[in-house]
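Take a look at the structure below.
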Number of protein chains: 2
Amino acid sequence: MPAVATRVASELRLQIAEGALLPGAKLKEEALSEELGVSRNTVREAFAELASERLVVRQPNRGVFVASLEVSDIHDVYIVRRAIEVSAVRGGGSIESIAAVRAAVEEGKRAAKAGDSEGLGSANAHFHGALVAMAGSERLNVIMSQVLAEMRLFFHKASIDGGFYQDYLADNDQICKALEAGDNDLAAERLLSYLARSEEHQTAVHAS
Amino acid sequence: MPAVATRVASELRLQIAEGALLPGAKLKEEALSEELGVSRNTVREAFAELASERLVVRQPNRGVFVASLEVSDIHDVYIVRRAIEVSAVRGGGSIESIAAVRAAVEEGKRAAKAGDSEGLGSANAHFHGALVAMAGSERLNVIMSQVLAEMRLFFHKASIDGGFYQDYLADNDQICKALEAGDNDLAAERLLSYLARSEEHQTAVHAS
DNA sequence: GATTGTTGAATTGTTGAACATTTTCGCCGG
DNA sequence: CCGGCGAAAATGTTCAACAATTCAACAATC
């Protein structure tokens, strides 16, 4: 992807992740074109990239909108997560890749101690990314990073009730311990349990 | 994606799948623009779509090329297949979704009887697509369809040695029988065995 | 009053041309 | 043989225009 279009896509990605652009918001080509000092065509190329990541949806002749996830999408996303995360965990990983998982757990602990709610969410994403990275597949990593980006779309609401990451922190530690002990099946079992609870939680938050 | 750009992308997708555009071939914007009677910008939008599907790769300032898979890519793709196909099979499916799997098996048998090698490959793709569809996840279906499209990139060479689909046909039937019997774990086990053999085969063909 | 056309402005879709930037490649001198 | 020079070619980006579509406001009809 060309340099300028990539920059524009990154900028928009950032604004979506930060919540500056809320789900459902319309992205007008001309407005963005002026605001960012690039041509409409370049904005369009950026749109194409974001659309491929499902961060925006393109409605023909109507425009592009920041993706907004329905309750059914939540379930859909968790099906994907179960498939790739559990598969990666079952396959186990190298010493280094497990160390990366451990590092993400510790990162979460530090954030918890510092009361950094933002950092906790970030560490949790790193943890699950590290799980998938154990499989050593570039494609799987890309898929997972897109899934995590999609999840940020509804984390804004979910993270309101603080302290809900606390439980997950312990889960993550347990999963990591099982991996370090070489008991991949136990790790997978714990991960499945975590994912079930997480999905339930997210669904509950968004049903209201 | 706009209408014209979509049409162009489909056209290129077809030519790649048929082997009219071989891996590594360069796609020149101006040439395609003239040939298809669309503007360069539109061709670029089509490129963006194909790049997101990994059918072409974009090398900045150098152009776009039909993707060409290395041996390491083969392994990578099979990691993804193991993750999503096995997960879907383990989760089982509805009566109708299993019927779709059965339909793909029968489609393969008909093609075999007719000596239609092309149809055999197509039926095999349908079979594995139907397996993933059991999970009922739109995202998983999209991922699988892209993986299958990628695999067509090196099927051209592999399908040369005829009769190699014959064995797979029996495998598919056995997997389907296990699903129909409700024994998802057995189906998953057989699928894993199939995937291992298939990967070995593809690797062998491409090592030469 | 509610549904249905109609009109016109706003937005997206697509084109074509122009220019900047980068790569490619032949060529020439050493 | 080769390292650099420069022209040609291809991509990256912008700009301006027009076509096609959507959308909202308003008129018309029942």
Side-chain angles (χ1 to χ4, degrees), chain A residues 1-16 20-70 142 150 153, chain B residues 1-16 20-70 142 150 153:
Chain A
M1 180 79 45
V4 181
T6 301
R7 216 199 73 226
V8 172
S10 298
E11 173 65 22
L12 293 176
R13 218 180 274 118
L14 189 65
Q15 292 196 19
I16 291 174
L21 289 172
L22 294 178
K26 178 166 185 179
L27 301 179
K28 291 184 211 177
E29 298 182 354
E30 197 175 345
L32 286 173
S33 152
E34 289 180 22
E35 187 178 336
L36 301 175
V38 299
S39 79
R40 268 182 65 206
N41 280 324
T42 301
V43 172
R44 280 177 143 259
E45 291 210 28
F47 283 170
E49 182 163 337
L50 296 176
S52 81
E53 300 168 8
R54 287 181 180 269
L55 289 184
V56 303
V57 290
R58 244 181 154 154
Q59 299 189 18
N61 290 316
R62 298 210 40 239
V64 316
F65 304 80
V66 178
S68 122
L69 303 190
E70 316 286 317
V142 170
E150 264 197 276
L153 283 174
Chain B
M1 181 78 45
V4 181
T6 303
R7 215 200 73 225
V8 172
S10 299
E11 172 66 20
L12 293 176
R13 218 181 273 118
L14 189 66
Q15 293 196 18
I16 292 175
L21 290 172
L22 294 178
K26 177 167 187 178
L27 301 178
K28 292 185 211 175
E29 298 183 353
E30 197 175 346
L32 285 173
S33 153
E34 288 180 22
E35 186 178 337
L36 301 174
V38 300
S39 78
R40 267 182 66 206
N41 280 323
T42 301
V43 172
R44 280 178 142 258
E45 292 211 29
F47 282 170
E49 182 162 338
L50 296 176
S52 82
E53 301 169 8
R54 287 180 179 270
L55 289 184
V56 303
V57 289
R58 247 182 152 154
Q59 299 189 17
N61 290 315
R62 300 214 35 241
V64 316
F65 304 80
V66 178
S68 119
L69 304 190
E70 316 286 317
V142 170
E150 263 197 277
L153 283 174

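Below, all heavy atoms of this structure are taken into account, side chains as well, without hydrogens, waters or symmetry copies. A note on names: the letters A, B, ... follow the listed sequences, proteins ahead of strands, and every chain is numbered from 1.
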Value for CG (B:L50) from CG (B:L27), rounded to nearest 0.5 Å, stands at 8.0 Å
To the nearest angstrom, the CZ-P distance between A:R62 and C:dA10 comes to 18 Å
Residues at least two apart in sequence or cross-chain that pass side chain to side chain contact (heavy atoms under 4.5 Å, CB included) with B:A51, listed by chain then number, are B:V56
Residues A:V8 and A:A46: closest non-hydrogen pair is CG1-CB, 3.6 Å
Taken in chain and number order and not counting sequence neighbours, the residues that satisfy side chain to side chain contact (heavy atoms under 4.5 Å, CB included) with B:S52 are A:S52
Only pairs under 3.5 Å count here: list side-chain donor-acceptor contacts from residues 57-65 of chain B, not counting sequence neighbours, and write none if there are none.
from  : atom 1 : to    : atom 2 : distance (Å)
B:Q59 : OE1    : B:R62 : NH1    : 2.5

Output for pair (B:T42 OG1, B:E29 CD), nearest 0.5 Å, gives 11.0 Å
message: Does any part of the side chain of B:L55, heavy atoms only, come nearer than 4.5 Å to the side chain of B:L12, both counted from C-beta?
response: no
Contacts of A:R54 meeting salt bridge (charged side-chain N to carboxylate O under 4.0 Å, His left out) (sequence neighbours excluded), chain-then-number -> B:E138
Note: contacts of residues 42-54 of chain B with DNA chain D (heavy atom, under 4.0 Å) are B:R44
Residues of residues 32-41 of chain A with a heavy atom under 4.0 Å from any atom of DNA chain D, listed by number, are A:G37, A:V38, A:S39, A:R40, A:N41
Taken to the nearest 0.5 Å, the spacing of A:S10 OG from A:E49 CD works out to 7.0 Å
Heavy-atom nearest pair, B:V38 first then B:R7, reads CG1-NH2, 4.5 Å
| message | Whether the side chain of B:S68 engages the backbone of B:G24 through a donor-acceptor N/O pair (distance < 3.5 Å, no angle test) should be reported. | response | no
Between CD of B:E29 and C1' of C:dT22 the distance, given in whole Å, is 13 Å
So, with a heavy-atom separation below 4.0 Å from DNA chain D, the residues of residues 1-8 of chain A are A:P2, A:A3, A:V4
Salt bridge (charged side-chain N to carboxylate O under 4.0 Å, His left out) filter on B:E150, not counting sequence neighbours, yields A:R139
For DNA chain C, the dot-bracket notation using Watson-Crick and G-U wobble pairs below 3.5 Å, [ ] for pseudoknot-type crossings and | for other-strand pairs, is ||||||||||||||||||||||||||||||
Counted 5' to 3', the first and last nucleotides of DNA chain D within 4.0 Å (strictly under) of a heavy-atom of chain A are D:dG12 to D:dC23
Sorted by chain and residue number, the side chain to side chain contact (heavy atoms under 4.5 Å, CB included) partners of A:E11 (sequence neighbours excluded) come out as A:Q15, A:L36
A:E34 meets the side chain to side chain contact (heavy atoms under 4.5 Å, CB included) criterion, sequence neighbours left out, with A:E30
Below 4.5 Å, heavy atoms only, C-beta onward: do B:R13 and B:I16 meet side chain to side chain? no
Comparing nearest nucleotides in DNA chain D, the 5'-proximal residue of the pair B:P60, A:N61 is B:P60
